[in-house]
Novice: 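This is the structure I want to talk about, given as C-alpha cells.
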Amino acid sequence: MTLIRSGLLAASLIALSSGAAFADYELNILHINDLHSRIEAINKFDSTCSAEEEGKGECFGGVARLKAAIDAERQKLSGKNVLLLNAGDNFQGSLFYTTYKGAAEAEFLNLMKFDAMTVGNHEFDDSEDGLATFLDKVQFPVVTANVAAGASSKIGDRIKPFIVLDKGGQKIGIVGAVANDTEELSSPGPNVLIGNDVADITAAVAELKKEGVDKIVALTHVGYPRDLAAIAKIPDVDVVVGGHSHSFLSSTSDKAEGPYPTMVDNPGGYKVPVVQAGAYSKYLGNLKVVFDDAGLVKEATGAPITIDSSIKPDEAVLARIKELSGPIDELKNKIVAETAEPVDGSRETCRAAECAMGNLVADAILDRTKNQGMTVAITNGGGLRSSIDAGPVSMGEVLSVLPFQNTVATFQLKGADLVAALENGLSQIEEGAGRFPQVSGLKYAFDKSKPAGSRVVSVEVKEGDAFAPLDPGKTYGVASNNYLRAGGDGYAIFAKAAVTPYDFGPNLELVVADYLSAHRPYKPYTDGRITEAAATGMAEGATGTETKPATAGEAATPADSGTTATEGAATTGNTGSGTTTTGSEAAATTAEGGVAAGGRHVIARGDTLWDLAKAAYGDGTLWRRIAEANGNPRPRALHIGRELSIPAK
C-alpha cells in the first residue's frame, strides 16, 4: 500500500512539474528613466511646481508622488512577479543635485526599492567621484555592461555587466548599457572606459545563457532610436527598457514618439517589446510581459501611468523633501527678473532648431564677453534643461535651465574650424542629440538631408549692424561654455584648435540671470539665425540672406512636458514650388486634408507623423513607415515646407 501511494505521489509530482514547465510566465515591469533630480513636483514647463500650481492641480511627478504611484502599483500586482527598473540619468537638473550631489537622489530611490538600475551619462557629470559616492549609498544593484572601471577607479567592481534575479521561481537576467559617446557627453575620467553597447550586451547575454537564463531584459541608457535599431536586435534579448532620449511612448496618444510597447523584429524570429517612460518623473512605465515555455515573449501590453495631481504624494517623503530644501530655499526663491512671455527651452526644439532659450543663453554669453573682443557665441542645445514660464523669474528657475555649473569660456578660432564645429553640432540631429548648436553673433543654414559632416549650407557673421559671409581664414573671437571648449558633446575642434582659451569665466547661470535682470521684462524671440535649407530654398554653397526677425509674439510656445516635440519648428517655409507659405496659410494643408498613400505631402504647421499616418493609412501607429521613407525625421518636430514621400499601403 505504501509502495502504491509512493508511486502515485511520484506520478503526481511529475505531472505537476510537467504542467508547470509548459505554463506561461507573467512578468510585470515598472520603470522610470531620466529622473534628472526632479525631487520636487514639476509644472508643464518641467520646472519646479509652485504652491499655487499645486493648489490648482497642475503639478506632475516629484519623488513623493512617484513613490506613492509605485507603492499603489505594487499593491495592485500583489502576488505577481514584479520588477522595478531605473534606466539612468538620475543626476543633474535641479538645486537638489547642485546642493547634495546625488545623495538626495540615492535616498529617495532607495525608498522606492528598485530591483536594478543602469547608469546614465549624467551619472558621470562629476567624474567617477560623484558616481562612487552615489554607489556608496544605493541599496540596489547597478548594471552597465559597457562600463569598465580600471584598477585605480573609485567605482571598483560595484557596476556589474549583468545580474540574475529570481522572480516566481524563474531566472530573470538584467543586462545594462550606457550611451557609447558618454566620454563626449560627460566626464567619466581616465580610470573609466566606455565600451560598445551592442558588443558588451552580446557578451553579457552569452554569459547569462550559459547560466541557463532564458528571460533577458536589456536595461539601457542609449536612446529610443538606438534601442529600436540595434539593442532589440541582439540575439536572445527579450525586452528592452530604455532611457536617454526622454521618449514618451503611447499606443493611444498622438503626442507619443511611438507605441507602448514598440515591437521590434529580432533576427531570431521573435518580437521584442521596447519601452521608455518620458522623463522628469512625469510617467511610470507599466509593462506586462507574458513568456512562453521557451522564454520567448508571447504577449506584451501596457501603458505609461501619468504621475499627475490625482496621485496623492507620500507624506513622509514630502516631509523629508521639505527638510532637505531648507538650505537652498533662499537662493531658489530669489527673484532675479521677469519675462513677458514663456521662454521655450524644450528639448525637442532646442536640439533641432533655433529656440528662444538658445537665443537667450547665447545672447547672454556674447553680451558678457563682447568687451573682450568676442563676436560669436555658441552653446549646446542639450545644456538647456527646461523652459521658463511668463512672469517673475527666480534663481531656481534659471538653475533649472542651466544646472551644470558650467563657466563661460573664451577663445580664438579660425572660420574654417568654426564651420567644423557647426558640422559637429548638426551631425546627430536625427537622434535629437544635445550637441545641436544654438548661436549668437552669427547665422547659419543647414541641410539635414546631407550626410553628417557636410550639412552646413551657409554661415554669416555679424559685423557691426550687418551680416557678412564667414571668412574661413579669418580668426574670430568665440565665447562658449567650458564643457564645449574642452571638447564635450563632440566639439573636439574647440579643444584642439582654440587659441588663447580661457575656461574660467563666471558661472553660466549667473551670466544669464544678470542678462535677464538687465532686460526686464525680457521678451523672448526667434529671429531666423538658424534655418533649415529646405525651409528657406537656399542652394548648397549659398551665402544666405538676412531673415526678417520674428516678433516676440511669434516666439515658440513651450511644449507640454509630456510631448516629445514642439510642433512647427519653423514659422515660414518653402513649399517646394518656389513660393513661400506662411504658417497660417500652411495650416490649410494639414494632415487632415487629403494625404494619400503612395503620394507626397508638403509639411504644414501642426503636422506630425502620427497625423499623416492616420490620414494616409487610417492608423497613426504606422507613422514609422513614413519616417523610414524620409530619413527618420523627428516625428513631432517636422519642418514646415519640407516635402515628404508617403509610401503606399
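Basis for what follows: all heavy atoms, side chains included, without hydrogens, waters or symmetry-related copies.
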Novice: Going by the rule side chain to side chain donor-acceptor pair (under 3.5 Å), which residues pair with D389 if we only count those two or more places apart in sequence or in a different chain?
Specialist: none

Novice: What residues, two or more places apart in sequence or in another chain, satisfy salt bridge (charged side-chain N to carboxylate O under 4.0 Å, His left out) together with E184?
Specialist: R435

Novice: Applying ring-ring contact (aromatic ring centres under 6.0 Å, His included), can you list everything that pairs with F134, at least two apart in sequence or on another chain?
Specialist: F91

Novice: Listing request: all side-chain hydrogen bond (donor to acceptor under 3.5 Å, both in side chains) pairs with a residue in residues 315-326, at least two apart in sequence or in separate chains.
Specialist: E107-R320, K312-E315, R320-E323

Novice: For S153, what residues pass the side chain to side chain donor-acceptor pair (under 3.5 Å) criterion, not counting sequence neighbours?
Specialist: E128

Novice: Mind checking side-chain contact (heavy atoms from CB on, under 4.5 Å) for S94 and listing every partner two or more places apart, or none if nothing turns up?
Specialist: S37, F96

Novice: Return the set of residues passing ring-ring contact (aromatic ring centres under 6.0 Å, His included) with F404 (not counting sequence neighbours), or none when no residue passes.
Specialist: H122

Novice: Under the rule for salt bridge (charged side-chain N to carboxylate O under 4.0 Å, His left out), what residues qualify as partners of E397, not counting sequence neighbours?
Specialist: none

Novice: Establish, yes or no, whether the cationic atom of R351 lies under 6.0 Å from the six-membered ring centre of F436 and within 45° of the ring axis.
Specialist: no

Novice: Could I get the full list of ring-ring contact (aromatic ring centres under 6.0 Å, His included) partners for F162, not counting sequence neighbours?
Specialist: none

Novice: Please name all residues satisfying side chain to side chain donor-acceptor pair (under 3.5 Å) with E338, sequence neighbours left out, ordered by chain then number.
Specialist: R520

Novice: Taking only residues two or more places apart in sequence, or in another chain, which ones meet K332 in a salt bridge (charged side-chain N to carboxylate O under 4.0 Å, His left out)?
Specialist: E40, D329

Novice: For D314, enumerate each residue passing the salt bridge (charged side-chain N to carboxylate O under 4.0 Å, His left out) test, keeping only those at least two apart in sequence or located in another chain.
Specialist: K67

